[in-house]
Amino acid sequence: MALPPESIDKLLPLAQTIVVAEVLSVSSPPVAERDSLPNMPLGLGRKLPQATVRLKVERTLRGTAAAELEVVKPESTYALVPGITGPFLLDGERRILGRHGPDNYSVAAVTEALARGAR
Amino acid sequence: MPIARLRFENKGEAVVLKGTTRPGAVVRVENASAAPMHGGWQSSSFKDARANAQGRFEVEVPAGLEGDQLRVRSADGLWQVVRVETGGVDPRRAEFNPQGLRLVEQGDGRYGIDTVSINNQACEPHTQVRMFNMRDGQGVQFTLDDEGHFPPAFRVQGQPGDVFAIACSDGVHNADFSAPCGFLAVPPPASAREGRPVFEPPLLPGDPATLSPITGPLFDGPPTPFQAVQGEDLGDCYFVAAAAAFALASPEKLEELITDNEDGTYTVVFKRYDAEQQQYVSEPITVTNLLPVDEQGRLRYGGGAKHTPGTQPLWFSILEKAYASWKGGYTAIINGFPYDAFEAFAGDAGTHVDVRSAAPDALFDWLKAEREQHHPTVVWTAVDSPEQPFSGSQLAPDHAYSVLAVAGSGAQRTVTLLNPYGHLLPSTGDADRGLLTVPWDTFLKHFVGAGSVPL
(Lines give C-alpha, C1' and ligand atoms only; values in the text may rest on other atoms or scores of the structure.)
Protein backbone atom coordinates (compact mmCIF):
# COMPACT_ATOMS: atom_id res chain seq x y z
CA MET A 1 0.00 0.00 0.00
CA ALA A 2 1.25 3.41 -0.74
CA LEU A 3 0.72 4.88 2.71
CA PRO A 4 3.46 4.66 5.33
CA PRO A 5 2.81 2.98 8.68
CA GLU A 6 1.03 5.13 11.21
CA SER A 7 3.15 6.77 13.88
CA ILE A 8 3.67 4.24 16.67
CA ASP A 9 2.50 6.78 19.21
CA LYS A 10 -0.83 6.89 17.39
CA LEU A 11 -1.44 3.13 17.54
CA LEU A 12 -0.02 2.15 20.92
CA PRO A 13 -2.88 3.74 22.88
CA LEU A 14 -5.29 1.55 20.91
CA ALA A 15 -3.32 -1.65 21.49
CA GLN A 16 -4.66 -3.53 24.48
CA THR A 17 -2.54 -6.57 23.66
CA ILE A 18 0.77 -6.75 21.89
CA VAL A 19 2.31 -10.10 21.04
CA VAL A 20 5.22 -11.32 19.00
CA ALA A 21 3.69 -14.22 17.15
CA GLU A 22 3.70 -16.51 14.16
CA VAL A 23 0.73 -16.95 11.87
CA LEU A 24 -0.53 -20.54 12.06
CA SER A 25 -3.54 -20.30 9.80
CA VAL A 26 -5.65 -17.78 7.92
CA SER A 27 -9.32 -18.24 7.08
CA SER A 28 -10.79 -15.79 4.64
CA PRO A 29 -13.48 -15.84 2.00
CA PRO A 30 -12.29 -16.89 -1.44
CA VAL A 31 -10.70 -14.01 -3.29
CA ALA A 32 -10.97 -13.51 -7.00
CA GLU A 33 -7.65 -13.36 -8.77
CA ARG A 34 -6.15 -10.04 -7.87
CA ASP A 35 -5.14 -7.63 -10.51
CA SER A 36 -1.45 -7.02 -10.04
CA LEU A 37 -0.64 -5.35 -13.27
CA PRO A 38 1.26 -2.16 -13.81
CA ASN A 39 -1.64 -0.26 -15.27
CA MET A 40 -2.95 0.49 -11.81
CA PRO A 41 -2.28 3.97 -10.52
CA LEU A 42 -0.54 3.83 -7.17
CA GLY A 43 -1.97 5.25 -4.03
CA LEU A 44 -5.40 3.92 -3.23
CA GLY A 45 -4.35 0.67 -1.63
CA ARG A 46 -6.06 -2.43 -2.98
CA LYS A 47 -7.71 -4.32 -0.17
CA LEU A 48 -7.85 -7.98 0.76
CA PRO A 49 -10.93 -9.05 2.70
CA GLN A 50 -11.21 -9.49 6.44
CA ALA A 51 -9.84 -12.81 7.70
CA THR A 52 -9.68 -14.86 10.86
CA VAL A 53 -6.09 -15.56 11.84
CA ARG A 54 -4.71 -18.06 14.33
CA LEU A 55 -1.48 -16.96 15.99
CA LYS A 56 1.13 -18.89 17.95
CA VAL A 57 2.35 -16.48 20.60
CA GLU A 58 6.06 -16.36 21.20
CA ARG A 59 6.12 -13.38 23.57
CA THR A 60 3.62 -11.02 25.08
CA LEU A 61 4.74 -7.39 25.20
CA ARG A 62 1.55 -5.90 26.58
CA GLY A 63 -1.55 -7.40 28.22
CA THR A 64 -2.15 -11.10 28.58
CA ALA A 65 -2.45 -13.69 25.86
CA ALA A 66 -2.80 -17.45 25.64
CA ALA A 67 -0.26 -19.56 23.76
CA GLU A 68 -2.55 -19.48 20.77
CA LEU A 69 -4.85 -16.64 19.82
CA GLU A 70 -7.60 -16.18 17.29
CA VAL A 71 -7.53 -12.66 15.94
CA VAL A 72 -9.13 -10.69 13.12
CA LYS A 73 -7.21 -9.25 10.23
CA PRO A 74 -9.43 -6.41 9.06
CA GLU A 75 -9.92 -5.62 5.40
CA SER A 76 -6.45 -4.45 4.53
CA THR A 77 -3.85 -4.10 1.82
CA TYR A 78 -1.50 -6.67 3.32
CA ALA A 79 -1.70 -10.44 3.07
CA LEU A 80 -1.02 -12.91 5.85
CA VAL A 81 -0.03 -16.53 5.31
CA PRO A 82 1.18 -19.22 7.74
CA GLY A 83 4.76 -18.72 8.81
CA ILE A 84 4.75 -14.92 8.87
CA THR A 85 6.06 -13.60 12.17
CA GLY A 86 6.20 -10.19 13.77
CA PRO A 87 4.70 -7.97 16.41
CA PHE A 88 0.92 -7.91 16.34
CA LEU A 89 -0.80 -4.96 17.97
CA LEU A 90 -4.35 -5.97 18.88
CA ASP A 91 -7.23 -3.78 19.92
CA GLY A 92 -9.86 -4.72 22.51
CA GLU A 93 -11.70 -6.84 19.96
CA ARG A 94 -8.54 -8.69 18.95
CA ARG A 95 -8.34 -6.91 15.64
CA ILE A 96 -4.87 -6.40 14.19
CA LEU A 97 -3.91 -2.75 14.17
CA GLY A 98 -1.75 -0.97 11.63
CA ARG A 99 -1.84 -0.48 7.88
CA HIS A 100 0.86 -3.07 7.35
CA GLY A 101 -0.01 -5.48 10.16
CA PRO A 102 3.06 -7.25 11.56
CA ASP A 103 5.31 -5.26 9.22
CA ASN A 104 4.22 -1.90 10.62
CA TYR A 105 6.98 -1.84 13.23
CA SER A 106 9.93 -3.97 14.24
CA VAL A 107 9.84 -5.77 17.56
CA ALA A 108 12.68 -3.48 18.67
CA ALA A 109 10.65 -0.37 17.84
CA VAL A 110 7.65 -1.61 19.81
CA THR A 111 9.81 -2.64 22.76
CA GLU A 112 11.58 0.71 22.72
CA ALA A 113 8.32 2.63 22.59
CA LEU A 114 6.92 0.65 25.49
CA ALA A 115 10.14 1.14 27.46
CA ARG A 116 9.98 4.90 27.08
CA GLY A 117 6.53 4.79 28.57
CA ALA A 118 4.39 5.26 25.51
CA ARG A 119 0.80 4.48 26.40
CA MET B 1 -11.03 -3.06 -46.76
CA PRO B 2 -12.36 -3.79 -43.29
CA ILE B 3 -11.08 -6.51 -41.06
CA ALA B 4 -13.23 -9.61 -40.94
CA ARG B 5 -13.52 -12.91 -39.16
CA LEU B 6 -11.84 -11.63 -36.01
CA ARG B 7 -11.30 -14.32 -33.41
CA PHE B 8 -9.06 -14.89 -30.43
CA GLU B 9 -6.98 -17.80 -29.36
CA ASN B 10 -5.59 -18.12 -25.86
CA LYS B 11 -2.20 -19.76 -26.14
CA GLY B 12 -1.54 -19.76 -22.41
CA GLU B 13 1.32 -17.30 -22.34
CA ALA B 14 -0.32 -15.03 -24.88
CA VAL B 15 -3.60 -14.09 -26.48
CA VAL B 16 -3.51 -14.10 -30.26
CA LEU B 17 -5.87 -12.22 -32.55
CA LYS B 18 -6.58 -13.70 -35.97
CA GLY B 19 -8.57 -12.30 -38.87
CA THR B 20 -8.62 -11.46 -42.52
CA THR B 21 -8.17 -8.27 -44.50
CA ARG B 22 -6.66 -7.13 -47.79
CA PRO B 23 -3.64 -9.29 -48.72
CA GLY B 24 -0.41 -7.59 -47.71
CA ALA B 25 -2.18 -4.95 -45.60
CA VAL B 26 -0.79 -3.95 -42.20
CA VAL B 27 -3.11 -4.31 -39.21
CA ARG B 28 -2.36 -2.58 -35.92
CA VAL B 29 -3.65 -3.93 -32.60
CA GLU B 30 -3.55 -1.65 -29.59
CA ASN B 31 -4.44 -2.88 -26.11
CA ALA B 32 -6.47 -0.03 -24.66
CA SER B 33 -7.05 -1.92 -21.41
CA ALA B 34 -3.36 -1.93 -20.61
CA ALA B 35 -3.56 1.87 -20.61
CA PRO B 36 -3.08 4.23 -18.94
CA MET B 37 0.19 2.42 -18.28
CA HIS B 38 0.46 1.92 -22.00
CA GLY B 39 -0.76 4.95 -23.85
CA GLY B 40 -1.06 5.01 -27.58
CA TRP B 41 2.29 6.78 -27.61
CA GLN B 42 4.12 3.84 -26.23
CA SER B 43 5.42 1.19 -28.56
CA SER B 44 4.84 -1.69 -26.16
CA SER B 45 1.08 -1.10 -26.21
CA PHE B 46 0.56 -2.00 -29.83
CA LYS B 47 1.69 -4.49 -32.41
CA ASP B 48 1.49 -4.60 -36.17
CA ALA B 49 0.92 -7.59 -38.38
CA ARG B 50 0.95 -7.93 -42.16
CA ALA B 51 -1.70 -10.05 -43.82
CA ASN B 52 -0.40 -12.86 -46.01
CA ALA B 53 -1.21 -13.45 -49.65
CA GLN B 54 -4.55 -14.94 -48.67
CA GLY B 55 -5.33 -11.90 -46.49
CA ARG B 56 -4.97 -13.78 -43.22
CA PHE B 57 -3.14 -12.22 -40.32
CA GLU B 58 -2.23 -13.30 -36.81
CA VAL B 59 -0.90 -11.03 -34.07
CA GLU B 60 -0.10 -11.47 -30.40
CA VAL B 61 -2.09 -9.01 -28.31
CA PRO B 62 0.32 -6.85 -26.27
CA ALA B 63 -0.12 -7.68 -22.56
CA GLY B 64 -3.40 -9.32 -23.59
CA LEU B 65 -5.82 -10.69 -21.03
CA GLU B 66 -9.38 -11.94 -21.16
CA GLY B 67 -11.86 -9.06 -21.36
CA ASP B 68 -9.35 -6.49 -22.63
CA GLN B 69 -10.63 -3.84 -24.99
CA LEU B 70 -8.55 -3.68 -28.16
CA ARG B 71 -8.45 -1.02 -30.79
CA VAL B 72 -7.76 -2.60 -34.15
CA ARG B 73 -6.86 -0.53 -37.20
CA SER B 74 -7.18 -1.83 -40.69
CA ALA B 75 -5.29 -0.73 -43.77
CA ASP B 76 -7.92 1.88 -44.56
CA GLY B 77 -7.18 3.64 -41.28
CA LEU B 78 -10.47 2.87 -39.55
CA TRP B 79 -10.37 1.78 -35.96
CA GLN B 80 -12.72 -0.69 -34.38
CA VAL B 81 -12.96 -1.76 -30.76
CA VAL B 82 -13.09 -5.47 -29.99
CA ARG B 83 -13.08 -7.29 -26.68
CA VAL B 84 -10.83 -10.26 -25.99
CA GLU B 85 -13.11 -13.27 -25.55
CA THR B 86 -11.64 -16.74 -25.21
CA GLY B 87 -14.05 -18.13 -22.64
CA GLY B 88 -11.89 -17.24 -19.64
CA VAL B 89 -12.30 -14.94 -16.67
CA ASP B 90 -11.62 -11.22 -17.00
CA PRO B 91 -8.83 -10.61 -14.46
CA ARG B 92 -8.21 -6.95 -15.18
CA ARG B 93 -10.28 -4.20 -13.69
CA ALA B 94 -10.70 -0.91 -15.50
CA GLU B 95 -8.14 1.50 -14.10
CA PHE B 96 -8.57 5.22 -14.19
CA ASN B 97 -5.75 7.73 -14.46
CA PRO B 98 -6.86 10.92 -12.71
CA GLN B 99 -3.50 12.69 -12.89
CA GLY B 100 -3.72 12.96 -16.66
CA LEU B 101 -6.95 14.96 -16.44
CA ARG B 102 -8.10 18.29 -15.13
CA LEU B 103 -11.43 19.98 -14.68
CA VAL B 104 -11.82 23.17 -16.70
CA GLU B 105 -14.26 25.97 -15.96
CA GLN B 106 -17.08 26.30 -18.50
CA GLY B 107 -19.02 29.10 -16.79
CA ASP B 108 -22.02 29.06 -14.44
CA GLY B 109 -20.15 26.82 -12.01
CA ARG B 110 -19.91 24.03 -14.54
CA TYR B 111 -16.72 22.19 -15.37
CA GLY B 112 -15.70 20.13 -18.36
CA ILE B 113 -12.67 17.92 -18.74
CA ASP B 114 -9.29 18.48 -20.32
CA THR B 115 -6.07 16.49 -20.37
CA VAL B 116 -2.69 17.57 -19.07
CA SER B 117 -0.89 14.52 -20.37
CA ILE B 118 0.15 13.43 -23.82
CA ASN B 119 -1.42 10.10 -22.93
CA ASN B 120 -4.98 11.31 -22.98
CA GLN B 121 -6.77 8.06 -22.34
CA ALA B 122 -8.63 8.19 -19.02
CA CYS B 123 -9.45 4.51 -18.83
CA GLU B 124 -10.23 1.58 -21.08
CA PRO B 125 -12.86 2.19 -23.76
CA HIS B 126 -16.51 1.89 -22.75
CA THR B 127 -15.77 2.07 -19.02
CA GLN B 128 -18.67 3.27 -16.92
CA VAL B 129 -17.60 6.14 -14.68
CA ARG B 130 -19.40 7.55 -11.67
CA MET B 131 -18.28 10.85 -10.14
CA PHE B 132 -19.75 12.45 -7.08
CA ASN B 133 -18.97 15.70 -5.35
CA MET B 134 -17.78 14.92 -1.81
CA ARG B 135 -19.14 18.27 -0.62
CA ASP B 136 -22.77 17.91 -1.61
CA GLY B 137 -23.09 14.34 -2.89
CA GLN B 138 -24.20 15.46 -6.36
CA GLY B 139 -23.00 13.09 -9.00
CA VAL B 140 -22.93 12.09 -12.64
CA GLN B 141 -22.52 8.78 -14.41
CA PHE B 142 -21.38 8.31 -17.99
CA THR B 143 -19.57 5.95 -20.34
CA LEU B 144 -16.20 6.55 -21.95
CA ASP B 145 -15.97 6.44 -25.72
CA ASP B 146 -14.07 4.12 -28.09
CA GLU B 147 -10.79 5.80 -27.18
CA GLY B 148 -11.34 5.84 -23.43
CA HIS B 149 -12.14 9.57 -23.42
CA PHE B 150 -14.85 11.43 -21.56
CA PRO B 151 -17.90 12.22 -23.70
CA PRO B 152 -17.74 15.75 -25.19
CA ALA B 153 -20.91 16.75 -23.34
CA PHE B 154 -19.43 15.86 -19.94
CA ARG B 155 -20.11 18.57 -17.34
CA VAL B 156 -20.18 18.64 -13.54
CA GLN B 157 -21.27 21.36 -11.17
CA GLY B 158 -18.74 22.54 -8.61
CA GLN B 159 -16.66 25.26 -7.06
CA PRO B 160 -12.92 25.67 -6.45
CA GLY B 161 -11.73 23.22 -3.84
CA ASP B 162 -14.51 20.69 -4.43
CA VAL B 163 -13.31 17.12 -4.69
CA PHE B 164 -15.00 14.52 -6.86
CA ALA B 165 -14.58 10.87 -5.92
CA ILE B 166 -14.44 8.67 -8.99
CA ALA B 167 -15.42 5.04 -9.31
CA CYS B 168 -15.34 3.07 -12.50
CA SER B 169 -16.49 -0.30 -13.72
CA ASP B 170 -15.90 -2.39 -16.80
CA GLY B 171 -19.19 -4.17 -16.12
CA VAL B 172 -17.39 -7.10 -14.50
CA HIS B 173 -15.28 -5.52 -11.76
CA ASN B 174 -16.56 -2.95 -9.30
CA ALA B 175 -20.03 -3.21 -10.82
CA ASP B 176 -21.51 -1.52 -7.75
CA PHE B 177 -18.97 1.33 -7.97
CA SER B 178 -18.09 0.77 -4.31
CA ALA B 179 -14.31 0.99 -4.75
CA PRO B 180 -13.00 4.45 -5.63
CA CYS B 181 -10.37 4.67 -8.30
CA GLY B 182 -9.26 8.25 -7.85
CA PHE B 183 -10.20 11.83 -7.26
CA LEU B 184 -10.48 15.00 -9.30
CA ALA B 185 -10.64 18.42 -7.69
CA VAL B 186 -11.92 21.71 -8.99
CA PRO B 187 -8.85 23.89 -9.46
CA PRO B 188 -8.63 27.56 -8.61
CA PRO B 189 -10.10 29.99 -11.15
CA ALA B 190 -7.70 30.78 -13.97
CA SER B 191 -7.32 34.35 -12.70
CA ALA B 192 -6.03 33.03 -9.37
CA ARG B 193 -3.19 31.23 -11.07
CA GLU B 194 -1.78 34.39 -12.53
CA GLY B 195 0.70 36.30 -10.45
CA ARG B 196 0.64 35.78 -6.71
CA PRO B 197 -1.32 33.03 -4.97
CA VAL B 198 -4.84 33.24 -3.70
CA PHE B 199 -5.53 29.53 -3.57
CA GLU B 200 -4.53 27.29 -0.69
CA PRO B 201 -5.01 23.67 -1.74
CA PRO B 202 -7.63 22.05 0.51
CA LEU B 203 -6.26 19.43 2.90
CA LEU B 204 -7.47 15.83 3.03
CA PRO B 205 -11.08 15.60 4.24
CA GLY B 206 -11.22 15.63 8.03
CA ASP B 207 -7.53 16.35 8.42
CA PRO B 208 -7.08 18.21 11.72
CA ALA B 209 -3.84 19.79 10.53
CA THR B 210 -3.37 23.53 10.77
CA LEU B 211 -1.49 25.70 8.32
CA SER B 212 1.69 27.20 9.67
CA PRO B 213 4.21 29.47 7.94
CA ILE B 214 7.37 27.42 7.57
CA THR B 215 10.60 29.26 7.17
CA GLY B 216 13.93 27.88 6.19
CA PRO B 217 16.03 27.49 3.10
CA LEU B 218 14.41 26.22 -0.06
CA PHE B 219 17.65 24.35 -0.75
CA ASP B 220 20.65 23.85 1.50
CA GLY B 221 22.91 22.75 -1.31
CA PRO B 222 22.05 20.47 -4.19
CA PRO B 223 18.75 18.69 -3.43
CA THR B 224 19.10 15.02 -2.58
CA PRO B 225 16.62 12.16 -2.96
CA PHE B 226 16.55 11.66 0.80
CA GLN B 227 14.85 15.04 1.22
CA ALA B 228 11.70 13.86 -0.58
CA VAL B 229 9.73 12.05 2.11
CA GLN B 230 6.10 10.97 1.98
CA GLY B 231 3.58 12.24 4.53
CA GLU B 232 1.92 9.74 6.83
CA ASP B 233 -1.58 9.97 5.37
CA LEU B 234 -1.07 11.17 1.81
CA GLY B 235 -1.06 8.43 -0.83
CA ASP B 236 1.19 10.12 -3.37
CA CYS B 237 4.16 7.73 -3.35
CA TYR B 238 4.34 7.97 -7.14
CA PHE B 239 5.02 11.70 -6.86
CA VAL B 240 7.52 11.41 -3.99
CA ALA B 241 9.46 8.63 -5.71
CA ALA B 242 9.57 10.58 -8.97
CA ALA B 243 10.76 13.75 -7.20
CA ALA B 244 13.49 11.81 -5.38
CA ALA B 245 14.59 10.20 -8.64
CA PHE B 246 14.66 13.63 -10.27
CA ALA B 247 16.80 15.01 -7.42
CA LEU B 248 19.26 12.17 -7.85
CA ALA B 249 19.45 12.45 -11.62
CA SER B 250 19.66 16.20 -11.99
CA PRO B 251 19.65 18.32 -8.83
CA GLU B 252 20.34 21.42 -10.89
CA LYS B 253 17.24 20.90 -13.08
CA LEU B 254 15.17 20.33 -9.99
CA GLU B 255 16.44 23.61 -8.54
CA GLU B 256 15.42 25.33 -11.77
CA LEU B 257 11.83 24.16 -11.28
CA ILE B 258 11.28 26.18 -8.11
CA THR B 259 11.86 29.89 -7.55
CA ASP B 260 11.94 31.53 -4.13
CA ASN B 261 10.09 34.82 -4.59
CA GLU B 262 11.58 36.03 -1.28
CA ASP B 263 8.21 37.21 -0.03
CA GLY B 264 7.07 33.98 1.59
CA THR B 265 5.96 32.54 -1.73
CA TYR B 266 7.48 30.15 -4.23
CA THR B 267 6.73 29.56 -7.89
CA VAL B 268 6.95 26.10 -9.41
CA VAL B 269 6.76 25.70 -13.17
CA PHE B 270 5.01 22.52 -14.26
CA LYS B 271 4.58 21.27 -17.80
CA ARG B 272 1.18 20.53 -19.27
CA TYR B 273 0.59 18.87 -22.60
CA ASP B 274 -1.61 21.14 -24.66
CA ALA B 275 -3.54 18.97 -27.08
CA GLU B 276 -4.46 21.91 -29.32
CA GLN B 277 -0.90 23.15 -29.66
CA GLN B 278 0.40 19.57 -29.61
CA GLN B 279 3.23 20.56 -27.35
CA TYR B 280 4.05 21.04 -23.70
CA VAL B 281 3.39 24.44 -22.21
CA SER B 282 4.65 25.90 -18.93
CA GLU B 283 2.22 26.36 -16.07
CA PRO B 284 3.68 28.45 -13.25
CA ILE B 285 2.01 27.79 -9.91
CA THR B 286 2.75 30.09 -6.98
CA VAL B 287 2.16 28.94 -3.42
CA THR B 288 2.74 30.35 0.03
CA ASN B 289 4.97 28.90 2.71
CA LEU B 290 1.90 27.85 4.74
CA LEU B 291 2.24 24.13 5.26
CA PRO B 292 -0.04 21.72 7.14
CA VAL B 293 1.37 20.67 10.52
CA ASP B 294 0.09 18.46 13.33
CA GLU B 295 -0.39 19.45 16.97
CA GLN B 296 3.33 18.92 17.59
CA GLY B 297 4.19 21.22 14.73
CA ARG B 298 5.45 18.40 12.50
CA LEU B 299 4.76 18.42 8.77
CA ARG B 300 1.66 16.38 7.97
CA TYR B 301 2.35 15.83 4.29
CA GLY B 302 5.46 15.80 2.17
CA GLY B 303 8.71 16.57 3.88
CA GLY B 304 8.43 14.01 6.58
CA ALA B 305 6.89 14.09 10.01
CA LYS B 306 10.10 12.97 11.63
CA HIS B 307 11.73 16.26 10.73
CA THR B 308 11.13 19.45 12.64
CA PRO B 309 9.99 22.13 10.20
CA GLY B 310 12.66 24.65 9.44
CA THR B 311 15.53 22.25 9.96
CA GLN B 312 15.53 20.85 6.48
CA PRO B 313 15.21 22.38 3.02
CA LEU B 314 11.67 23.13 1.97
CA TRP B 315 11.86 22.20 -1.68
CA PHE B 316 9.91 18.97 -1.50
CA SER B 317 7.09 20.34 0.66
CA ILE B 318 6.76 23.29 -1.71
CA LEU B 319 6.91 21.11 -4.82
CA GLU B 320 4.18 18.84 -3.45
CA LYS B 321 2.03 21.77 -2.34
CA ALA B 322 2.33 23.37 -5.77
CA TYR B 323 1.34 20.10 -7.43
CA ALA B 324 -1.66 19.86 -5.09
CA SER B 325 -2.55 23.46 -5.83
CA TRP B 326 -2.31 22.82 -9.57
CA LYS B 327 -4.61 19.81 -9.24
CA GLY B 328 -7.08 21.54 -6.93
CA GLY B 329 -6.18 20.02 -3.56
CA TYR B 330 -4.17 17.40 -1.73
CA THR B 331 -6.90 14.79 -2.22
CA ALA B 332 -6.54 15.17 -5.97
CA ILE B 333 -2.91 14.05 -5.93
CA ILE B 334 -3.72 10.71 -4.32
CA ASN B 335 -3.37 7.91 -6.82
CA GLY B 336 -1.19 8.25 -9.87
CA PHE B 337 1.74 6.99 -11.85
CA PRO B 338 5.36 8.09 -11.60
CA TYR B 339 5.19 9.22 -15.20
CA ASP B 340 2.48 11.71 -14.28
CA ALA B 341 5.07 13.46 -12.13
CA PHE B 342 7.85 13.05 -14.69
CA GLU B 343 5.65 14.67 -17.28
CA ALA B 344 4.82 17.59 -14.97
CA PHE B 345 8.51 18.10 -14.13
CA ALA B 346 10.15 17.47 -17.48
CA GLY B 347 7.53 17.82 -20.19
CA ASP B 348 8.16 14.25 -21.25
CA ALA B 349 6.33 11.16 -20.05
CA GLY B 350 9.37 9.00 -20.67
CA THR B 351 9.40 5.25 -21.15
CA HIS B 352 7.51 2.74 -19.06
CA VAL B 353 7.81 -0.98 -18.94
CA ASP B 354 5.56 -3.79 -17.80
CA VAL B 355 8.04 -5.78 -15.71
CA ARG B 356 6.14 -9.03 -15.94
CA SER B 357 5.94 -9.08 -19.70
CA ALA B 358 9.49 -7.85 -20.26
CA ALA B 359 12.44 -10.15 -20.90
CA PRO B 360 14.30 -10.10 -17.54
CA ASP B 361 17.81 -9.68 -18.96
CA ALA B 362 16.75 -6.90 -21.31
CA LEU B 363 14.89 -5.21 -18.49
CA PHE B 364 17.94 -5.28 -16.24
CA ASP B 365 20.13 -3.87 -19.00
CA TRP B 366 17.58 -1.14 -19.65
CA LEU B 367 17.38 -0.16 -15.98
CA LYS B 368 21.15 -0.07 -15.76
CA ALA B 369 21.44 2.05 -18.89
CA GLU B 370 18.83 4.49 -17.61
CA ARG B 371 20.76 5.02 -14.40
CA GLU B 372 24.06 5.36 -16.27
CA GLN B 373 22.48 8.06 -18.42
CA HIS B 374 21.26 9.85 -15.29
CA HIS B 375 17.60 9.47 -16.21
CA PRO B 376 15.24 9.63 -13.22
CA THR B 377 14.05 6.06 -12.76
CA VAL B 378 11.17 4.76 -10.67
CA VAL B 379 9.81 1.25 -10.16
CA TRP B 380 6.65 0.06 -8.48
CA THR B 381 5.46 -3.04 -6.70
CA ALA B 382 2.49 -5.35 -7.13
CA VAL B 383 -0.42 -5.46 -4.76
CA ASP B 384 -0.06 -7.95 -1.93
CA SER B 385 -1.42 -11.47 -2.25
CA PRO B 386 -1.31 -14.73 -0.27
CA GLU B 387 0.44 -16.35 -3.23
CA GLN B 388 3.28 -13.82 -3.19
CA PRO B 389 3.19 -12.13 0.22
CA PHE B 390 5.35 -9.09 0.86
CA SER B 391 5.66 -9.58 4.61
CA GLY B 392 9.28 -9.92 5.63
CA SER B 393 10.61 -8.53 2.33
CA GLN B 394 11.08 -5.00 3.73
CA LEU B 395 9.15 -3.85 0.65
CA ALA B 396 5.68 -2.32 0.62
CA PRO B 397 3.07 -3.53 -1.89
CA ASP B 398 1.37 -1.14 -4.33
CA HIS B 399 4.19 1.31 -3.79
CA ALA B 400 6.69 3.30 -5.86
CA TYR B 401 10.44 3.37 -5.27
CA SER B 402 13.22 5.50 -6.72
CA VAL B 403 16.02 3.54 -8.31
CA LEU B 404 19.39 4.64 -6.97
CA ALA B 405 21.67 2.02 -8.46
CA VAL B 406 21.63 -1.02 -10.71
CA ALA B 407 24.68 -3.21 -10.42
CA GLY B 408 26.26 -6.61 -10.81
CA SER B 409 25.97 -9.36 -13.34
CA GLY B 410 24.60 -12.87 -13.57
CA ALA B 411 23.31 -14.15 -10.25
CA GLN B 412 24.83 -11.16 -8.44
CA ARG B 413 22.58 -8.54 -10.05
CA THR B 414 21.01 -6.08 -7.64
CA VAL B 415 18.84 -2.98 -7.65
CA THR B 416 19.22 -0.36 -4.94
CA LEU B 417 15.96 1.35 -4.09
CA LEU B 418 14.84 4.28 -1.99
CA ASN B 419 11.50 4.04 -0.19
CA PRO B 420 9.57 7.35 -0.19
CA TYR B 421 8.63 6.64 3.41
CA GLY B 422 12.16 7.67 4.36
CA HIS B 423 12.57 4.27 6.00
CA LEU B 424 12.14 0.59 5.25
CA LEU B 425 9.10 -1.48 6.13
CA PRO B 426 9.34 -1.88 9.05
CA SER B 427 11.79 0.84 9.97
CA THR B 428 15.06 -0.51 11.29
CA GLY B 429 15.84 2.53 13.43
CA ASP B 430 17.04 6.09 13.34
CA ALA B 431 19.80 5.40 10.82
CA ASP B 432 17.30 3.87 8.40
CA ARG B 433 16.77 6.24 5.46
CA GLY B 434 14.81 3.81 3.33
CA LEU B 435 17.66 2.40 1.26
CA LEU B 436 17.36 -1.21 0.23
CA THR B 437 19.41 -3.30 -2.16
CA VAL B 438 17.41 -6.24 -3.50
CA PRO B 439 18.62 -9.19 -5.55
CA TRP B 440 17.35 -9.24 -9.12
CA ASP B 441 15.18 -12.31 -8.39
CA THR B 442 13.45 -10.45 -5.57
CA PHE B 443 12.91 -7.49 -7.85
CA LEU B 444 11.25 -9.68 -10.48
CA LYS B 445 9.08 -11.31 -7.82
CA HIS B 446 7.61 -8.16 -6.36
CA PHE B 447 7.79 -5.38 -8.97
CA VAL B 448 5.35 -4.85 -11.84
CA GLY B 449 6.27 -1.50 -13.37
CA ALA B 450 9.33 0.57 -14.20
CA GLY B 451 9.69 3.97 -15.77
CA SER B 452 12.28 6.59 -16.59
CA VAL B 453 12.46 9.90 -18.34
CA PRO B 454 15.28 11.60 -20.26
CA LEU B 455 16.26 15.07 -19.10
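Predicted model, so just to flag it, every value in this text is computed and none were measured. Proteins come first, then strands; the chains are lettered A, B, ... in the order of their sequence lines, and each starts at number 1.
- For chain A, no part of B:Asp340 is nearby; none of its heavy atoms comes within less than 4.5 Å.
- Only the backbone of B:Ser427 comes within less than 4.5 Å of a heavy atom in chain A; its side chain stays farther off.
- Pairs of residues two or more places apart, or lying in two chains, that qualify as salt bridge (charged side-chain N to carboxylate O under 4.0 Å, His left out) and include a residue from residues 49-61 of chain A are A:Arg54-A:Glu68, A:Arg54-A:Glu70.
- Residue pairs that meet the side-chain hydrogen bond (donor to acceptor under 3.5 Å, both in side chains) test with at least one member in residues 10-19 of chain A, sequence neighbours left out, are A:Lys10-B:Glu232.
- Under a 3.5 Å cut-off, the side chain of B:Asp384 and the backbone N or O of A:Ala79 do form a donor-acceptor pair.
- What you find for B:Pro389 and A:Val81 is that their closest heavy atoms are CG-CG2, 3.8 Å.
- Under a 3.5 Å cut-off, the side chain of A:Tyr78 and the backbone N or O of B:Ala396 do not form any donor-acceptor pair.
- Interface remark: of the candidates A:Ile84, A:Val26, A:Leu80, A:Ile84 forms the most heavy-atom pairs closer than 4.5 Å to chain B.
- Atoms CZ and OG, from B:Arg298 and A:Ser7 in turn, are 5.5 Å apart once rounded to the nearest 0.5 Å.
- Contact check for A:Arg99 versus B:Asp233: side-chain heavy atoms found under the 4.5 Å cut-off.
- Between the side chain of A:Asn104 and the backbone N or O of B:Pro426, no donor-acceptor pair lies under 3.5 Å.
- Heavy-atom distances place the backbone of B:Leu234, and not its side chain, under 4.5 Å from chain A.
- Within 6.0 Å of CD on A:Glu75 lie more than 12 heavy atoms contributed by other residues, nucleotides or ligands.
- In this structure, A:Tyr105 OH and B:Leu425 CG are separated by 10.5 Å, a value rounded to the nearest 0.5 Å.
- In this structure, A:Thr77 OG1 and B:Phe390 CZ are separated by 10.5 Å, a value rounded to the nearest 0.5 Å.
- Of all heavy-atom pairs between A:Leu3 and B:Gly235, the closest is CD2-N, 3.4 Å.
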